[in-house]
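To start, the structure itself, in structure tokens.
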Amino acid sequence: MSIAFPTPDEAVLSRRSEILAGLGRLVAPEALIVSEDERRAFETDGLTAYRQLPLAVVLPSSTEEVAAVLRFCRDHRVKVVPRGAGTSLSGGAIPQADAIVLGVAKMNRVLDVDFKNRTARVQSGITNLGISQAVAHEGFFYAPDPSSQLACTIAGNIAMNSGGAHCLKYGVTTNNLLGVTMVLLDGTVVEIGGDYLDSGGYDLLGLITGSEGQLGVVTEATVRILRAAEGARPALLGFERVEDAGACVAAIIAAGIIPVALEYMDRPAIQICEAFAHAGYPLDVEAMLIVEVEGSDAEIDDMLRRIVAIAEPFRPKTAKVSQSEAESAAIWKGRKSAFGATGRVADYICMDGTIPTGQLPHVLKRIDEIAKSYGLGVANVFHAGDGNLHPLVMFDTNKPGEMEKAEAAGEDILKLCVEVGGCLTGEHGVGIEKRDLMTYQFNRVDLEQQMRVRGVFDPGWLLNPAKVFPLEERFAA
């Protein structure tokens, strides 16, 4: 494996029976998974090229059980890998041989909904889509919508600060999170934030969001719910040149127009998704934008008219506005299915970098050049409005050396993002995938400061220890 894991602690491995017995006294028998066959289900996450069998898996049912398990692990020097649904594409939930997996999947209830103040309090194991489903009967929804929203949990969304197609208008997780209940490594339960917009003191909620399970385990969350718009309608804009599509995105944003979603797909992605979803995508263009606006019928018509006018100088070959709910659903089915549809035709690595939108034309051209330099294909599908790229670097895992080429191409793409003024991750997190590139974005002083903050919460580096920070930097600190 080209991504290294720390050498397992033999002292912990030798005490496995003792550790399992201790954990068995803290949770119900069915909440402790110890057999090799059952642990296999937790050995990897969305980054399936890498896997490690955990020491054990614990599935608590309450905040109190989480506190007891963490306190036990702290006292016995056992590492803990928190896990939501295991959909992380950066390897954020991949275990270690000397670590337990602590999953929150059983903690999936809606605890309270306050429609008047537009908040919902939920357990962290609830799925992203489950929140919207719980409030839809009153015309509300939870805005962040990752492609994995049917499966991913709010716990994982908080850990990675997940976004989604509609984050351009509504923001990512940190913009929709009001408070959390979090258990620290010593078992202390803390309440941060609440059912209000701002709390006094330091912005600890901002620190926790995107911390990748290294500061504590979130067991409950208070989120903002929003009234659904009167209506929404997507439009498709197809272009003969990739550069024209990228320039059109920059022009729309520069004009001060904020669509609810502004998504980009290039020719390979269009063809792959159309073959899967039959969404009516144009197959004779090099790039396509999905632009969705919302409001009243009059507002939608006006906004789409202005967007089409802005696009005209870039010579769109196709301009198609959805005429029905079924057509809109098909358009989004194609986009939301992009990762799964690509998996039908090739193995791939999904990258996640962010760039200034004005750099889109240059970066898209360079991504294609980078992939070709390694003899690989790439399909681009991403949140164009905020510059959050998701190039899918395609390869054949049955061909020796191709996965290594794909990883090298992915590294070059992420370095390109940093070079043009962007960053290594937009919503997938660092995990293990980007861990060794952190020194490319941050200098030693930056990393040491981040690690000192982490050390306040977890001095012994027991929480998700192989993630985010380069191993050599961590041990040097």
Side-chain angles (χ1 to χ4, degrees), residues 89-90 160-165 167-175 206-207 209-212 239 241-259 261-266 287 289 310 314 349-373 378 380-393 407-431 433-450 468-470 473:
L89 292 168
S90 65
M160 299 303 184
N161 194 20
S162 302
C167 66
L168 176 60
K169 181 174 182 178
Y170 293 114
V172 295
T173 299
T174 192
N175 306 113
L207 180 66
T209 308
S211 60
E212 305 201 23
F239 299 85
R241 296 195 322 142
V242 166
E243 292 82 2
D244 289 336
C248 184
V249 169
I252 291 171
I253 301 302
I257 297 176
I258 306 297
L262 181 47
E263 299 291 291
Y264 174 99
M265 301 173 74
D266 66 5
L289 301 179
I310 291 171
F314 306 103
I349 297 176
C350 177
M351 309 312 299
D352 167 52
T354 298
I355 64 168
T357 54
Q359 292 284 346
L360 271 172
H362 165 67
V363 170
L364 290 172
K365 180 180 178 182
R366 285 288 299 124
I367 287 174
D368 185 60
E369 292 171 350
I370 289 169
K372 286 180 178 176
S373 73
V378 62
N380 284 290
V381 49
F382 55 81
H383 314 310
D386 63 353
N388 187 189
L389 309 183
H390 293 314
L392 307 179
V393 182
E407 289 183 328
E411 285 192 11
D412 287 351
I413 290 170
L414 292 175
K415 288 178 179 179
L416 171 65
C417 292
V418 175
E419 288 166 6
V420 300
C423 59
L424 293 172
T425 179
E427 60 174 336
H428 293 175
V430 177
E433 179 200 35
K434 307 178 189 76
R435 181 191 68 198
D436 297 325
L437 289 174
M438 286 285 278
T439 54
Y440 197 80
Q441 179 168 345
F442 300 104
N443 62 36
R444 188 177 185 87
V445 174
D446 294 332
L447 289 173
E448 287 178 351
Q449 182 64 21
Q450 292 177 43
V468 181
F469 298 104
E473 293 292 328

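Because the structure is predicted, anything quoted here is derived from the model rather than measured. Position 1 is the first residue of the sequence; numbering continues from there.
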Side-chain donor or acceptor of [X] paired with backbone N/O of [Y] under 3.5 Å:
{"X": "Glu263", "Y": "Val381", "answer": "no"}
{"X": "Gln441", "Y": "Leu424", "answer": "yes"}
{"X": "Asn161", "Y": "Thr174", "answer": "yes"}

Residue pairs fulfilling salt bridge (charged side-chain N to carboxylate O under 4.0 Å, His left out) with at least one residue in residues 354-371, sequence neighbours excluded = Arg366-Glu369, Asp368-Lys372
Can you list the steps and then say if Met438 with Leu447 is a side-chain contact (heavy atoms from CB on, under 4.5 Å)?
-> CA-CA 8 Å; Met438 286 285 278; Leu447 289 173; 4.1 Å; yes
Counterpart residues, side chain to side chain contact (heavy atoms under 4.5 Å, CB included), relative to [X] (two or more places apart):
{"X": "Thr354", "result": "Asn388, Cys423"}
{"X": "Ala261", "result": "His166, Glu292, Trp332"}
{"X": "Ala247", "result": "Phe314, Pro361"}
{"X": "Asp446", "result": "Phe442, Asn443, Gln450"}

Under the side-chain hydrogen bond (donor to acceptor under 3.5 Å, both in side chains) rule, collect the residues that match up with [X], sequence neighbours excluded.
{"X": "Thr425", "answer": "Asp352"}
{"X": "Asp412", "answer": "Tyr374"}
{"X": "Glu411", "answer": "none"}
{"X": "Thr209", "answer": "none"}

To the nearest 0.5 Å, what is the distance between [atom1] on [X] and [atom2] on [Y]?
{"X": "Leu364", "Y": "Asp266", "atom1": "CG", "atom2": "CG", "result": "8.0 Å"}
{"X": "Tyr440", "Y": "Cys417", "atom1": "OH", "atom2": "SG", "result": "10.5 Å"}
{"X": "Met265", "Y": "Leu289", "atom1": "CE", "atom2": "CG", "result": "11.0 Å"}
{"X": "Glu212", "Y": "Phe469", "atom1": "CD", "atom2": "CZ", "result": "9.0 Å"}
{"X": "Asn380", "Y": "Leu389", "atom1": "CG", "atom2": "CG", "result": "7.5 Å"}
{"X": "Cys248", "Y": "Glu243", "atom1": "SG", "atom2": "CD", "result": "13.5 Å"}

Is there side-chain contact between Cys167 and Glu427, with at least one heavy-atom pair below 4.5 Å?
-> no
Note, Glu433 side chain near Glu407 side chain (heavy atom, < 4.5 Å) | no
Which heavy-atom pair separates [X] from [Y] by the least distance, and what is that distance?
{"X": "Gly163", "Y": "Val172", "answer": "CA-CG1, 3.6 Å"}
{"X": "Leu360", "Y": "Ala384", "answer": "CD1-O, 3.9 Å"}
{"X": "Gly358", "Y": "Ala250", "answer": "CA-CB, 4.3 Å"}
{"X": "Pro470", "Y": "Thr439", "answer": "CG-CG2, 4.0 Å"}
{"X": "Ala409", "Y": "Val393", "answer": "CB-CG1, 4.2 Å"}
{"X": "Pro356", "Y": "Gly422", "answer": "CD-N, 4.0 Å"}

How would you list, by chain and number, every residue that makes a ring-ring contact (aromatic ring centres under 6.0 Å, His included) with [X], sequence neighbours excluded?
{"X": "Tyr170", "value": "Phe141"}
{"X": "Phe239", "value": "none"}
{"X": "His390", "value": "His383, His428"}

Under-4.0 Å salt bridge between Glu419 and Lys415 = no
Check the pair Leu414, Val418 against side-chain contact (heavy atoms from CB on, under 4.5 Å), reporting the backbone distance first and the verdict last.
-> CA-CA 7 Å; Leu414 292 175; Val418 175; over 6 Å; no
